[in-house]
Amino acid sequence: MFAEALVCLALNVYHEARDQPFIGQVAVAQVVMNRVHDDRYPDDVCEVVMQGPTYSWKPDFPVRHRCQFSWYCDGKSDKTPDQTAWEQALTIAQGVHTGNLDDFVEGATHYHATYVLPEWAESKTPVVQIGEHIFYRWD
């Protein structure tokens, strides 16, 4: 179970933030863990990462472009060809999952890229911008 959680968390870091600075990748992992600890979200890392609507006739198949984390249901390959980035994502996932890396995003449960403005952003409290991501807390 622990190994599965690490892989899910690392996949999210890899696909959401591998082009961001190290601290930005850590922040993305922290958002997932903050959701795990928030009663409004599932209490399992993989369930948080894969959260989103599915088709009634195929409940294990997410609706394209409707997931909490866009990479999970964007229709693209989920492989991790950049070995260096994958190894770093695994290291970050382990550090955040075990609590060895502090939550410096102050409980943020949301983020988005600077070049988009999602509808939900107005209802959340901005915490910090790191690289190309803005992080928000859901008070």
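Values reported hereafter were calculated over all heavy atoms of this structure, with side chains retained and with hydrogens, waters and symmetry mates removed.
For the side chain to side chain contact (heavy atoms under 4.5 Å, CB included) with E16, the lone residue among D19, V13, N12 that qualifies is N12.
Note that SG of C46 is 4.0 Å distant from CD of E4, once rounded to the nearest 0.5 Å. The distance from atom CE of M33 to atom OG1 of T98, rounded to the nearest 0.5 Å, is 9.0 Å. Note that OH of Y115 and CD1 of I134 are 11.5 Å apart. Values are rounded to the nearest 0.5 Å. In this structure, CG on D38 lies 4.0 Å from CZ on R40, to the nearest 0.5 angstrom. Separating the CZ atom in R66 from the CD atom in Q51 is a distance of 12.5 Å, to the nearest 0.5 Å. The NE2 atom of H133 lies 8.0 Å from the OG1 atom of T114; values are rounded to the nearest 0.5 Å.
The nearest pair of heavy atoms linking A29 to I92 is CB-CG2, 4.0 Å. Residues P62 and Y72 approach most closely at CG-CE2, 3.8 Å, considering heavy atoms. Closest heavy-atom contact between I130 and P21: CG2-CG, 4.5 Å. For the pair V48 and P42, the tightest heavy-atom approach, listed with the atom from each and the gap, is CG2-O, 3.3 Å. Considering every non-hydrogen atom in both A17 and V28, the closest pair reads CB-CG2, 3.8 Å. Summarising the geometry of L9 relative to A93, their closest heavy-atom pair is CD2-O, 3.5 Å, with the distance given to 0.1 Å.
Remark: the backbone N or O of D78 is paired with a side-chain donor or acceptor of H15 at under 3.5 angstrom. Put simply, the side chain of R64 gets close to the backbone of D74: a donor and an acceptor are under 3.5 Å apart. Side-chain atoms of Q25 do not come within 3.5 Å of backbone N or O of A27 as any donor-acceptor pair.
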Mind running side-chain contact (heavy atoms from CB on, under 4.5 Å) on Y41 and N34 for me, showing each step along the way?
CA-CA 9 Å; Y41 294 94; N34 289 340; over 6 Å; no
Before you tell me yes or no, could you show the steps for F69 and W71 under ring pair (Phe, Tyr, Trp, His ring centres under 6.0 Å), namely the whole-Å CA-CA distance, both residues' side-chain angles and the distance that decides it to 0.1 Å?
CA-CA 6 Å; F69 298 101; W71 71 271; 8.1 Å; no
In sequence, state the C-alpha distance, the side-chain angles, and the governing distance for V26 and F104, and then conclude on side-chain contact (heavy atoms from CB on, under 4.5 Å).
CA-CA 9 Å; V26 172; F104 55 84; 3.5 Å; yes
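Below 30°, between 30° and 60°, or above 60°: for H110 and W120 the angle between ring planes is between 30° and 60°, a tilted geometry. Below 30°, between 30° and 60°, or above 60°: for F135 and Y111 the angle between ring planes is between 30° and 60°, a tilted geometry.
A cation-pi geometry, defined here as NZ or CZ lying under 6.0 Å from the six-membered ring centre and within 45° of its normal, holds between K58 and F61.
With no hydrogens or angles considered, a side-chain donor-acceptor pair links T125 and D139 at under 3.5 Å. Donor-acceptor pairing under 3.5 Å is recorded for the side chains of Q83 and E87. Inspection of the Q68 and R35 side chains reveals an N or O donor paired with an N or O acceptor under 3.5 Å. A donor-acceptor contact under 3.5 angstrom links the side chains of Y136 and H112, judged on distance only.
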